[in-house]
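When reading the values below, keep in mind they use all heavy atoms of this one structure, side chains included, and skip hydrogens, waters and symmetry mates. We count ligands from 1, going down the list as the structure has it; atoms in each ligand are counted the same way.
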Amino acid sequence: MSNITFTMIKPDAVANGHIGKILDQITTAGYQITAMKYIHLTEKTAGEFYAVHSERPFYKDLVSFMVSGPIVAAVLKKENAVADFRTLIGATDPSKAEPGTIRNLYAKSIDANAVHGSDSDENAAIEASFFFSNLERF
Ligand code: CMP
């Protein structure tokens, strides 16, 4: 069990003014932010980040959506970080997300689903390193 996960606050949640409320919900849940940046992804970067989904029918729409506006990327630290974060954000499809979860509160659709959360310890490490050098992690 690792103690980090990686998240992005996606373009929909940023555009709708939800950065502050989402970060508050994350830190209130006990996460420490150990790295963070506010950036606008390029098609190349978004495509590489989601390369694992490149054969899926939703890949093109997913990449287009992720470059539609700026995002906040962060590394979060807490015991049982990956599993607890997935509970905190709720199901990928917000219509199936539990009440009070971040996606239930702030997401509108499966693409515009407000936040990303790593699905395994291995991917958390890969995704955190994709966005942040060691000098940017505390
Ligand atoms: P995320 O956790 O960022 O990982 C991949 C993203 O693809 C996912 O959130 C959704 O926003 C998006 N997506 C769109 N359609 C699907 C689907 N059918 N299954 C899973 N993810 C999907």
Does ligand 1 have any atom that is closer than 4.0 Å to a heavy atom of Phe65?
-> no
Any Arg86 heavy atom less than 4.0 Å to ligand 1 =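 Outside the 4.0 Å threshold, so no.
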Please list, in number order, the atoms of ligand 1 under 4.0 Å from a heavy atom of [X].
X      : answer
His53  : 5 (C)
Asp111 : 11 (O), 12 (C), 13 (N), 14 (C)
Tyr50  : 1 (P), 3 (O), 4 (O), 5 (C)

Examine the proximity of ligand 1 to [X] and report which part, side chain or backbone, both or neither, has a heavy atom under 4.0 Å away.
X      : value
Arg103 : side chain
Lys10  : side chain
Thr92  : side chain
Ile110 : both

Polar contact flag, side-chain donor to acceptor under 3.5 angstrom, Ser95-Asp93 | yes
Does the side chain of Gln25 come within less than 4.5 Å of Tyr106's, by heavy atoms?
->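 Yes. Closest side-chain heavy atoms under 4.5 Å.
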Residues Lys78 and Asp84 bridged, charged N to O under 4.0 Å | yes
Taking distance alone, with no angle check, do Asn113 and ligand 1 share an N/O pair under 3.5 Å?
-> yes
Would you indicate whether Lys37, at its atom NZ, is surrounded by more than 12 heavy atoms from other residues, nucleotides or ligands within a distance under 6.0 Å?
->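 Result for NZ/Lys37: enclosed.
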